[in-house]
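Structure record follows, encoded as structure tokens.
For reference, positions follow the sequence shown, starting with 1. The figures that follow rest on heavy atoms only: side chains count, while hydrogens, waters and symmetry mates do not. Both counts, for ligands and for their atoms, begin at 1 and track the order of listing.
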Amino acid sequence: MNPRPRGALCAAITLAMLVWLHSVPLQAREPDPWSAERLTRLVSQAHARFKDVKDGANADYIPELAKVPSELFGVAVVTVKGEVFTAGDTDHAFSIQSVSKPFTAALVMEEQSPGVIVDKIGVEPTGLPFNSIIATQLLPQMSANPMVNAGAIAAVSLVTASSPGERFAKIMGWYERMAADRLVVVEDVYRSEAATNQNNRGIAYILANKGRLYADPLEAVDVYTRQCSIGVTAKQLAVMGATLANRGVNPMSGKRVMKGDHVAHLLAVMMMAGFYNEAGAWAWSAGLPGKTGVGGGIVAVVPGRAAIVGFSPRLNAAGNSIRAMKAIEYIAAELGANVFEASR
Ligand code: GLU
């Protein structure tokens, strides 16, 4: 073959390859990091990797929580498409505790406005433990933000209702729409905390004294305590989180639960204060908005993608479940889910 036709042939082949590359969607060329196979594998790998971690201890300042079997461990991912991936004890209902806080704040935003959270509660992190009384004295807003006890009790008091019963029923109904499922209160945990929650009663009176609580203090604490005792499974909690990831539309029911525009405000405050005095370390390592609870549950939200949930009762000194943190961090890192990562 003389050189000219060979050159023309090479050019034609190159052109054909370029046309083909353009016509094939990017996803078909690169394996999808969020494929169902990959998520199935990552969730079971996370469970297998951390199931033998024995560090930490159950919360015991609420006596009933000390009785929850420490070995329980569940990992769940629910995507915005409604896919569910689970490993371990994801059908065990545990008390939601502080993971309830963003959802009640969302209800207040929906009933009133996001501005009410800023004006009547606050959005500043405390850098202090979740039940800090000192924080109420250090910060001008007193209640700090809706992710700590002071702000969460204030949020409960802002839910519009003419009685504590109605207020709790509203909160429960709201959580059920977030979960697209029926939920029940873990009564033993409620009774146990109601008998021992003097610190929260103190916080409520401190707020009420300065006009920063918007209902009767003892009633607000009681509804808050009952809210914290609502039982959720890791799977249900992941659906609640996936509703946030899906900009307020529940991926299971297909129904809009909250206004899409409110979700970013909520995720911002979760990022700043969802892990109490470990929020900085969590943002550094996982880079995801999330919320933890002393029942051992943690929900992390990957906006536009999914919620990742871990549940295991043993906590570190800040009150965060050690296995759950590790499992979520592992899955998030493998997926490249960090919200600060430009390539995600
Ligand atoms: N009900 C618990 C309390 O008020 C919630 C604490 C938490 O989960 O961080 O102490």
Would you say [Y] and [X] are linked by a side-chain donor-acceptor pair, where the criterion is simply a distance under 3.5 Å?
X: E124; Y: N145; result: no
X: Y205; Y: N200; result: no
X: S98; Y: Y276; result: yes
X: N197; Y: T225; result: yes

Worksheet entry | side-chain contact (heavy atoms from CB on, under 4.5 Å) between D181 and E176, intermediate numbers included | CA-CA 5 Å; D181 211 349; E176 289 184 333; over 6 Å; no

Discussion item. Taking ring-ring contact (aromatic ring centres under 6.0 Å, His included) as the definition, give me every residue that meets it alongside F275, ordered by chain and number, with sequence neighbours left out.
Written reply: W282

Fill in: Protein residues having a heavy atom less than 4.0 Å from any atom of ligand 1
Y61, Q97, S98, F130, N149, E193, N200, Y224, C228, Y276, G293, V294

